[in-house]
Student: 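Have a look at this one.
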There are 2 protein chains.
Amino acid sequence: MTMQDVAEVAGVTARTVSNVVNDYPFVKKETRARVWDAIEQLGYTMNVSARGLKQGNTRLIALAIPDLTMPYFADLSDAVIAQAQAQGMSVIIEPTASSRQREQEALHRVKSQFAEGIIYCPLEIYQEELDQLSIGAPVVVLSEPIGQPKYDHVMIKNREAARAATEYLIRGGSRRIAAIGLGAGQHRGPAAQRLLGYRDALRINGINLDRHLEITTSAWHRSDGLQAVERLCKSHIPFDGIFAFTDQIAAGVLYALQVKGFKVPDDVAVIGFDNNDESQYLVPALTTVDPGIDEIAKCAVDNLIKRMSADKRQSPRVVTSVDFKLIKRQSTRS
Amino acid sequence: MTMQDVAEVAGVTARTVSNVVNDYPFVKKETRARVWDAIEQLGYTMNVSARGLKQGNTRLIALAIPDLTMPYFADLSDAVIAQAQAQGMSVIIEPTASSRQREQEALHRVKSQFAEGIIYCPLEIYQEELDQLSIGAPVVVLSEPIGQPKYDHVMIKNREAARAATEYLIRGGSRRIAAIGLGAGQHRGPAAQRLLGYRDALRINGINLDRHLEITTSAWHRSDGLQAVERLCKSHIPFDGIFAFTDQIAAGVLYALQVKGFKVPDDVAVIGFDNNDESQYLVPALTTVDPGIDEIAKCAVDNLIKRMSADKRQSPRVVTSVDFKLIKRQSTRS
DNA sequence: TTGTAGGCGTTATCAG
DNA sequence: CTGATAACGCCTACAA
C-alpha cells in the first residue's frame, strides 16, 4: 500500500498524491478530492519511516524521568507533552526507576527509539559523568548545572526555594525544624541543594543546626515521610516544624502526625515542595513551594527544539532558571 | 554519518557493520572489535528510519489516555511502559484531555507518529463510533465492550466491582449511601456501569433508591468530590455512606467531610475506586477497589503485540476481563 | 498544475 | 565469513 497504489486509483502520479497529503497548495480542487477518495477507499496511511528517512526527522523527542507514578513527574510529563504537541512533536516517555543503569540506557537509546533529542531528569547520574557520555543527540537537562555544563539546562533555584520555605516556618514561630528527604549518602542533586537552603535559613536567623533534625530517607515517597516522623518520635527529638523536600513526603508526614495526635500547624508546622494537585486536599491543606512546572516544560521543549535545528547544534549552552513561588495554605502559621 | 562511513574506517563493507550492530553471530571477533571501534570513534548511531523503512516496523506503540496528571492514568501509563519495554517496544503517550476531538485525533495520528498500534482509553467516544472509525492500525480498547466489538478489549467488571463496594458499605451498616461521580448526561462508560452496580447492591439488599443520593460531577477530580459533599450538605440530604467513583473523588470527599466535622467512618463510611498510592495515606486511610492495573497493562500490551504481528490481524477479537479486589482500610466499618 | 528520475541509509539476496 | 547490488516508500529538483 504505497503512494503509487493510491496514485493509480486516483489516476494521477505519486507526486500528486504526495502534494495532496502534504497540503501543497497548487493542486486542483478536483484532483485533490479524487486523491482523498482513493486514500479513504484504500485505507492508505503514509509510511513515516520513508518520509523520516528522506527528510531526516521524526518529530519525536524522548523524556527520561525517574518515576511516572510520582505526581511531580506525571505533571511534568503532562506539561512536556503539551508543549511538544504545540510544536508538532510527540513524546516518548522513559521511566528510569531512579536507577543509574536505566538512566544510562535511556540516554543511549534515544536515537534507536526514533527520538531526535531528549529531555533528561537526572537523579543518579551526576553532571561530570553525564558530560562525558557521548549521546549523539541534543539533550536538555533538568537540574542545576555545575560550572560550564556540556548541555543546555533548565533549573529551579532549589537552594533559594528551600531557604524561603524554611524561613517561612521560622517566621511562623518554629525553631526546631526538621528537614526530611536527603537521600543517604547524597552530596549533590536537588535534595542536597534543598538541605543547604534549609541550613542557610537557620544560620541567617540565628538558629543552631541540629543534625538530628536532618532526616535522611531512601526515596521521596509518602512512606518515607511517614517513617521519618516515626523515627523522630521514637528518638524523642523535639520538633515544631517540618520542611519536607517533596509534597509526597509531606503527605506521609501529615498522615503520621495526625495518627500520633500532633496538631498541625499548632504543634508542628509543615511545608512541602512541588505543589502537587493533591496537596491542597490534604488535611490541613499543605503550604508548599510551586516550582513552576509549566514554565520548566516550556523552556525545556523550546530549548531542545532550538538545539535540534541543525544550525544551532554548536551555539553556546544555555542555562535557564525558572522562578518558584511560595503557596501559603493551612499547614503553617503565618 | 552512515554505515558506509563506519565501514570505510573499519576496513569492511556496510553489510558487515550491519551484522555487527545487529549481533549477527557469524562475524570474526576481531572484525567485530574493529567495527565497534570505528563506531565509537565516529560517534555513529544508526538511522532508525532507514531500518524501519526496510523492515517495516518501528517498535513503537501509542497510548491514548484522558489525563496523565490523574494518578490512575499515570499508574496505568507507567505499567504499560514497563510491559512494553519488557517486549522491546517504546511508548508514545497522548493525553486526550477528555475531549472528544482529541480522542479522535489521537486515533487518527497513530501511524503518523511512527506507532504501529495504539492502546486506547476511551472517555468521550462510544464504541459504535469507535467501531466505525477507520484507524489503519491495531487497537486495544480499555473498556467494557458492547456486543461484538471491532477491536480487542481489556476491561474490569465495573458493575460487579461497584456492587461489591456498595455492599461492603451496607454490610458496615450504611443505609443512605451517596454515589458520587456520574458525569452529567452520561448513560454509558465506566461511570454509568458503576452507578448500575451501586443500584444493584441497594436493590438486592432491599434498600430504596434515592435519586438525591446520586450526585453527578463534571469530572473525576478531587475538587469534584469536595463540591459533591458541599452540595449534599447544602440540600440537607442525610447520608451515612459514600461510594466515590474514583479515589481522587474520595480524597476530595474526605477533605470536605473533615472540614465539615463529620467523623469517618463513624458518621459516614467512605469507599473509593482505583487504589491509588495516595489513598493509603489519606486520613483515614481509604477503603477502595483495586482494579489490577498491572494486569490490565500486561493484557493490553500482549494483545496489541499479538495483533500487530501480521498473521494475527484477522484473528477473532479477544475480550479480556481482569479481576478486581476490595482493599479494606480505615474509612469504612467492617 | 503534474510527471520523471534519483537517492535518503538499511537490510536481504546472491555470490564468493 | 564478507562483498556487491537491489530494493524499501517517499520527497524534490527539474522538466513539461
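Side-chain atoms are counted along with the backbone in the values below, which use heavy atoms only and exclude waters and symmetry mates. Each chain gets a letter, A, B and so on, in the order the sequences are listed, and its residues count up from 1.
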Student: Could you state the CG-P distance from Asp5(B) to dC8(C), rounded to the nearest angstrom?
Tutor: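 Checked: the CG to P distance equals 11 Å.
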
Student: For Arg51(B) and for Ala50(A), find the nucleotide of DNA chain C with the closest heavy atom, then tell me which residue's nucleotide is more 5'.
Tutor: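 Upstream on the strand: Ala50(A).
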
Student: Test your reading of the model: is there a side-chain donor-acceptor pair from Arg59(B) to the backbone of Gln87(B), 3.5 Å cut-off?
Tutor: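 Yes, Arg59(B) side chain to Gln87(B) backbone: donor-acceptor pair under 3.5 Å.
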
Student: What is the separation between atom CE on Met1(A) and atom P on dC10(D), rounded to the nearest whole Å?
Tutor: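 Those two atoms, CE and P, are 10 Å apart.
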
Student: Round to a whole Å and report the spacing from CD of Gln55(B) to C1' of dA7(D).
Tutor: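 Those two atoms, CD and C1', are 14 Å apart.
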
Student: Asn47(A) has an atom CG; how far is it from atom P of dC8(C), in whole Å?
Tutor: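 These atoms are roughly 18 Å apart.
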
Student: Please determine which of Leu76(A), Ile119(A), Val80(A) meets the side chain to side chain contact (heavy atoms under 4.5 Å, CB included) test together with Ile296(A).
Tutor: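 For Ile296(A), the side chain to side chain contact (heavy atoms under 4.5 Å, CB included) test succeeds with only one of Leu76(A), Ile119(A), Val80(A), which is Leu76(A).
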
Student: Against Arg188(A), only a single residue in Glu128(A), Glu144(A), Gln193(A) fulfils side-chain hydrogen bond (donor to acceptor under 3.5 Å, both in side chains); can you say which?
Tutor: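 Considering Glu128(A), Glu144(A), Gln193(A), a side-chain hydrogen bond (donor to acceptor under 3.5 Å, both in side chains) with Arg188(A) is found only for Glu128(A).
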
Student: Round to the nearest Å and state the distance from Gln4(B) atom CD to dG7(C) atom P.
Tutor: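 Distance, rounded to whole Å: 15 Å.
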
Student: When you check the side-chain N and O atoms of Asn303(A) and Thr320(A), is any donor under 3.5 Å from an acceptor?
Tutor: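 Side-chain D/A pair, Asn303(A) to Thr320(A): present.
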
Student: Can you tell me the distance, in whole Å, between the CE atom of Met3(A) and the P atom of dC8(D)?
Tutor: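 In whole Å, dC8(D) P lies 16 Å from Met3(A) CE.
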
Student: Check step by step if side chain to side chain contact (heavy atoms under 4.5 Å, CB included) holds for Ile61(B) and Ile92(B).
Tutor: CA-CA 6 Å; Ile61(B) 61 178; Ile92(B) 295 168; over 6 Å; no

Student: Ignoring hydrogens and geometry beyond distance, is the side chain of Lys54(B) in donor-acceptor contact with the base of dA12(C) at under 3.5 Å?
Tutor: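 By the distance-only test, no, there is no pair.
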
Student: Measure from CG on Asn57(A) to P on dC8(C) and round the result to the nearest Å.
Tutor: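 Value for this atom pair: 17 Å.
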
Student: I'd like to know if the side chain of Asn47(B) pairs up with that of Arg51(B) as donor and acceptor (distance under 3.5 Å, no hydrogens or angles considered).
Tutor: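 Short answer, no.
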
Student: Please work out which residues in residues 11-34 of chain B have a non-hydrogen atom less than 4.0 Å from an atom of DNA chain D and list them by number.
Tutor: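 Val12(B), Thr13(B), Arg15(B), Thr16(B), Phe26(B), Val27(B), Lys28(B), Thr31(B), in order of number.
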
Student: Please indicate whether Glu105(A) has more than 12 foreign heavy atoms, meaning atoms of other residues, nucleotides or ligands, lying under 6.0 Å from its CD.
Tutor: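 Yes.
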
Student: Look only at the side chain of Arg34(B) and the backbone of Ala10(B), and say whether a donor-acceptor pair between them is shorter than 3.5 Å.
Tutor: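 Checked: pair present.
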
Student: Using a strict threshold of under 4.0 Å (side-chain N to carboxylate O), is an ion pair present between Glu116(A) and Arg307(A)?
Tutor: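 Salt bridge: no.
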
Student: Let's see if you get this right: which residues in residues 39-46 of chain B place a heavy atom under 4.0 Å from DNA chain D?
Tutor: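 Within residues 39-46 of chain B, no residue comes under 4.0 Å of DNA chain D.
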
Student: Roughly, in whole Å, what's the span from CG in Leu53(B) to P in dA6(D)?
Tutor: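 After rounding, the reported distance stands at 17 Å.
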
